[in-house]
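Everything below concerns the one structure shown next.
Scope of the values below: all heavy atoms of this structure, side chains included, with no hydrogens, waters or symmetry mates. All values derive from a computational prediction rather than experimental measurement.
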Amino acid sequence: MTESWVNSAERIGADLHLELSGPGGRRAALTRALREAVRSGRLAPGTRLPPYRSLAADLGVARNTVADAYAELVAEGWLTARQGSGTRVAERSEPLRHAVRTPVKAPSRAGGPRHDLRQGTPDASAFPRAAWAASYRRALQAAPNEAFGPGDPAGRRELRETLTEYLARARGVRTEPDRIVICSGFAHALRLLFGRGTPDGPAAGGVLRGPLGVEAYGLGFHRDLLAAAGVRTVPLPLDEHGARVDALGRERAVLLTPAHQFPTGGPLHPERRAAVIDWARARGAVVLEDDYDGEFRYDRRPVGALQGLDPERVIHLGSVSKSLSPALRLGWMVLPQRYVGPVLAAKGDREGWASVLDQLALADFVACGSYDRHVRRMRQRYRRRRDRLVAALAAQAPHIEVTGIAAGLHAVLRLPPGTERSTVKAAAWQGIALDGLAGFRHPESPAVAGEGLVVGYAAPAEHAYGAALEALCGVLPPE
């Protein structure tokens, strides 16, 4: 086999002749040709290579052949791949000489899955870098000297005051700065409230005790965290109106996603919102409100925070992991007064707190209006993406029902019985990262939600979203 390709200068900036010959098939030949072009200097450091589709068309080979060759050379250090920047020759005088070579087993070798449709992940390329940098600079310049000292375990007062105003305005939360504790996200909040497991067994401490009522479908990571702390979780049935709070009995607390049930979708019905508050008052219990994506709604009026109904019976938990980025590790707890002291004691005087500088930057980011502008912009973007998903399914898989799309960053695709596991497996083989609905079911709950896929439409970069939808439709089961 001997084939050659002469690229155009527009594609990578310099003419290059590749000879595809020798043993091992086309992928091995292409890998050798590209490696030799880099080694000889014909492909200079920083040179951008053509996209998979373009090179595959010029060579008359499959796109997977090009993708696998690129992936192998990235693993060896000859090339680099970054989302939005394409594949380039590595910026070094000589390539890595002792890189470990392993067989290419999946089309996602270069930097994770080819199409990331997992739930709960925002579009990383949309992070407002310029506005955040401006807030960070202003916060750093205005920070008092004491901000660089040990700090307050409750978090910077500037952020707590800003959140008090923002949460009241945007989510209907009733609080004051002294009842807000800054944390590193929702999981950190759970650890502070229920304690942390140890190598020798469950945690001995914690502000709250089980048993804890939870929705029949939710994140397994949170259930595992609670189990490690020795907390027994009791699943509550779900229907079209949200969690069946009438099933609550002797639990000491309940964890809900009232703005948009995760993952099945839909807000908690108003009668059930009132009912769970009545239950908490009668039992002396507390409601944990996970407001994980309350800011992203599309086809319905805003649903205010449950906390506004009774600030002394609801712990409101929020973060910026969906609205900005999980990399910031910033969240908050809005606490009833009786829990503030115990939570701060659990946090400790030298807890691994969220960065003070990031807290100050977020306070400025919210106060100057940048946060509101970003949320509005992303709400529009995610709505367009949701609409594109619905349109693609209507055109290519009209037998697949889509639910849970009035808010949030994901949709549930209802599948025919007996097809969920095989569809998830087929997606993985095609380099599509997504979740099956069964993975979110509480182990003690029946499979009342049926079979389906939980498809996140926020994570892919804008330029990659169309290809992700095409790939998704290609693995769905036929009618």
How far does [atom1] of [X] sit from [atom2] of [Y], to the nearest 0.5 angstrom?
X: Arg160; Y: Ile182; atom1: CZ; atom2: CD1; result: 7.0 Å
X: Leu437; Y: Leu415; atom1: CG; atom2: CG; result: 9.0 Å
X: Thr175; Y: Ile180; atom1: OG1; atom2: CD1; result: 4.5 Å
X: Thr264; Y: Tyr217; atom1: OG1; atom2: OH; result: 9.0 Å
X: Leu335; Y: His316; atom1: CG; atom2: NE2; result: 11.0 Å
X: Glu420; Y: Leu453; atom1: CD; atom2: CG; result: 6.5 Å

Return the minimal non-hydrogen interatomic distance between [X] and [Y], and the atom names on each side.
X: Gly408; Y: Tyr298; answer: O-OH, 2.6 Å
X: Tyr136; Y: Ala361; answer: CD1-CB, 3.6 Å
X: Pro153; Y: Val181; answer: O-CG1, 4.2 Å
X: Cys183; Y: Leu192; answer: CB-CD1, 4.5 Å
X: Gln359; Y: Ala354; answer: NE2-O, 3.0 Å
X: Thr423; Y: Val475; answer: CG2-O, 3.6 Å

Exactly one of Thr121, Leu117, Leu469 should register a side-chain contact (heavy atoms from CB on, under 4.5 Å) with Pro460. Which one does?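 Of the listed residues Thr121, Leu117, Leu469, the side-chain contact (heavy atoms from CB on, under 4.5 Å) partner of Pro460 is Leu117.
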
Please say which of Val390, Leu389, Asp387 ends up in a side-chain contact (heavy atoms from CB on, under 4.5 Å) with Ile405.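 Only one of Val390, Leu389, Asp387 forms a side-chain contact (heavy atoms from CB on, under 4.5 Å) with Ile405, namely Val390.
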
salt_bridge([X], [Y]) N-O dist < 4.0 Å:
X: Asp246; Y: Arg272; answer: no
X: Glu312; Y: Arg179; answer: yes
X: Arg381; Y: Glu462; answer: yes

[X] [atom1]: over 12 foreign heavy atoms closer than 6.0 Å:
X: Arg244; atom1: CZ; value: no
X: Arg338; atom1: CZ; value: yes
X: Glu470; atom1: CD; value: no
X: Arg250; atom1: CZ; value: no
X: Arg377; atom1: CZ; value: yes

With side chain to side chain contact (heavy atoms under 4.5 Å, CB included) as the test, would you mind laying out the steps for Leu219 and Gln119 before giving the verdict? CA-CA 11 Å; Leu219 279 176; Gln119 57 75 33; 3.9 Å; yes

Answer yes or no: is there a side-chain heavy-atom contact under 4.5 Å between [X] and [Y]?
X: Leu208; Y: Arg252; answer: no
X: Leu317; Y: Met333; answer: yes
X: Leu225; Y: Val231; answer: no
X: Pro237; Y: Pro446; answer: no
X: Leu393; Y: Cys473; answer: yes
X: Leu362; Y: Leu328; answer: no
X: Leu434; Y: Val424; answer: yes
X: Val276; Y: Leu306; answer: yes

So does [Y] get a backbone contact from the side chain of [X], meaning a donor-acceptor N/O pair under 3.5 Å?
X: Glu289; Y: Gln307; answer: yes
X: Arg232; Y: Pro211; answer: no
X: Thr419; Y: Pro416; answer: yes
X: Arg138; Y: Ala142; answer: no
X: Glu251; Y: Gly249; answer: yes

Arg157 vs Asp178, side chain to side chain contact (heavy atoms under 4.5 Å, CB included): CA-CA, chis, key distance, verdict: CA-CA 8 Å; Arg157 188 166 188 87; Asp178 290 340; 2.8 Å; yes

Within 45° of the axis and under 6.0 Å from the centre of the six-membered ring of Tyr465, does NZ or CZ of Arg388 qualify?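 Not satisfied by the 6.0 Å and 45° rule.
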
Stepwise side chain to side chain contact (heavy atoms under 4.5 Å, CB included) check, Arg385 with Asp123: CA-CA 11 Å; Arg385 291 194 179 189; Asp123 182 356; 2.9 Å; yes

Apply the test side chain to side chain contact (heavy atoms under 4.5 Å, CB included) to residues Phe440 and Glu215: give CA-CA distance (whole Å), side-chain angles for both, the deciding distance (0.1 Å), then the verdict. CA-CA 10 Å; Phe440 299 97; Glu215 294 162 334; over 6 Å; no

Summary of ring-ring contact (aromatic ring centres under 6.0 Å, His included) pairs that have at least one residue in residues 360-383, sequence neighbours excluded: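 For residues 360-383: Trp132-Phe365, Tyr166-Tyr371, Phe296-Tyr382.
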
Tell me whether the rings of His260 and His410 are parallel (<30°), tilted (30 to 60°) or perpendicular (>60°).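 Tilted, since the angle between the ring planes falls between 30° and 60°.
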
Pro342: partners by side chain to side chain contact (heavy atoms under 4.5 Å, CB included), with sequence neighbours left out: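 Applying side chain to side chain contact (heavy atoms under 4.5 Å, CB included) to Pro342 gives Val207.
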
So that I know where these two stand, are Phe262 and Tyr292 an aromatic pair - ring centroids less than 6.0 Å apart?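 Distance test on ring centres: under 6.0 Å, yes.
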
